[in-house]
Structure formats: C-alpha cells, structure tokens
Amino acid sequence: MALRPGHLGIDFDNTIVCYDGVFHRVALEQGLIPPGVERNKVAVRDWLRRVGKEDAWTQMQGYVYGARMGDAEMYPGVREFLAAARNAGLPMSIVSHKTRHPFLGERYDLHAAATAWVDEFLRDDAGPFVAADRIYFETTKDAKWSRIAATGATHFIDDLPEILLADAFPAGVQRILFDPDAHHGSIGADVRSLQSWSELQIWFDAC
Ligand SMILES: [Mg+2]
C-alpha cells in the first residue's frame, strides 16, 4: 500500500460501524416492524416514523448503541483497509462524537460499549488496528473538531456532511465523505466523496 496521507482521522458511527443489520434485527425482535421492511437503519426509522412510533425509534437507539453493540457489524472493506494501513505504518486516529448516555431510556454507558466493540473487532492476531490512545469519544461536536485538529490528521473521513462542512472543521485537513448509499452526491469541490472503504484504499494507493 503506497500510502501518502500523513495521518488519517476516522469517524466511528456509520463510518466504521454499520448499524443496518442490528437495527433491523432489534426492531423485528420487539415486534415493531413487519419482516418485509428493508434491512437498513433508515428504512427502520422511516417505518417507525410513518406509523407514529418515533419514541420507540429513539429508545431503540440507546438500546442498540448501549446494549447491542456486539451485534453491530463493520462496513465491508474496513478490516482490510485498517490492517493494511497499520501494516504500512500509516498513523490513524478514530475521533467520534458520542454522548456518554442515551437521550432516553436506560442510562447505558455508550463510550464503554463502543470501546468494548473496538477492543473486540478492530484487531487481528498482530494486535489492534488503531492504538487505544488514538481513539477518542468526544461528547460535543466542538470537542470533535478540536480533537481532529489536535491529532494532526491530514485527512478525515466521516459520514456526515454537517461535520465536514462546518466552519469549525479544521482548515487544511482533506475532507472525505463516506457515503455508502450515495445519499448525498457531491457536497463540495474540495470534499472527496467515497462509497466504500475499498475506494479509499484505491485512492490512497494512487496518491
Ligand atoms: Mg458518523
């Protein structure tokens, strides 16, 4: 892997972790959706909104992020990318905006649940893909932007345009939009949009 970036910063939820399967499974378990609803998070949310179960949706988020993280998957290509990047010596940080507890329902420790998921899944026999002291769960967006700057990231990948396009996003960091379902299209001339982790790997190889 002929990597040229100096330091890759990576968002966590919906960039590394894909929640489509776990939301669908939990909604089925709780009898909230019929089996025919498409197996993705947005389809589950839209169904619950349409039938007036917005509260159930909000509650389900705390439950999934707090109690069912073990059922969450990673996007295709994440494992291969992170292993290759680590082996190539690319510095990486994970910078997430995540509240400590859910807005509603049981007070799960969402940072502990996410950290446990990282410990279990973001590793191989050679060790963790990203060093534990390079993984940050920040409780505000401002803290996330500050942390991205403090890590020295030269590139940052995130699924949310509002994070990448904010005035507070650190200047000079190459913005990469992770858009696996092509919801957004192009969001700006200086934002690179990618639909998969393998595309990111190809781009870095070509730098
Ligand atoms: Mg995200």
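We count ligands from 1, going down the list as the structure has it; atoms in each ligand are counted the same way.
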Give a yes or no on whether the ring-centroid distance for Phe23 and Trp57 is below 6.0 angstrom.
yes
Work out the angle at the Mg ion (ligand 1) between OD1 of Asp159 and O of Asp13, rounded to 10°.
100°
Determine, stepwise, if the pair Trp117 / Met74 fulfils side chain to side chain contact (heavy atoms under 4.5 Å, CB included).
CA-CA 10 Å; Trp117 189 93; Met74 62 185 98; 4.0 Å; yes
Can you list the steps and then say if Arg79 with Asp124 is a salt bridge (charged side-chain N to carboxylate O under 4.0 Å, His left out)?
CA-CA 9 Å; Arg79 162 170 291 279; Asp124 61 12; 5.5 Å; no
State whether Arg39 and Asp20 are salt-bridged, where the test is any N-O pair (Lys NZ or Arg NE/NH1/NH2 against Asp/Glu carboxylate O) under 4.0 Å.
no
Can you name the N, O or S atom of Asp11 that is closest to the Mg ion (ligand 1)?
OD2
With respect to the Mg ion (ligand 1), please indicate if Asp158 possesses an N, O or S atom at a distance under 2.8 Å.
no
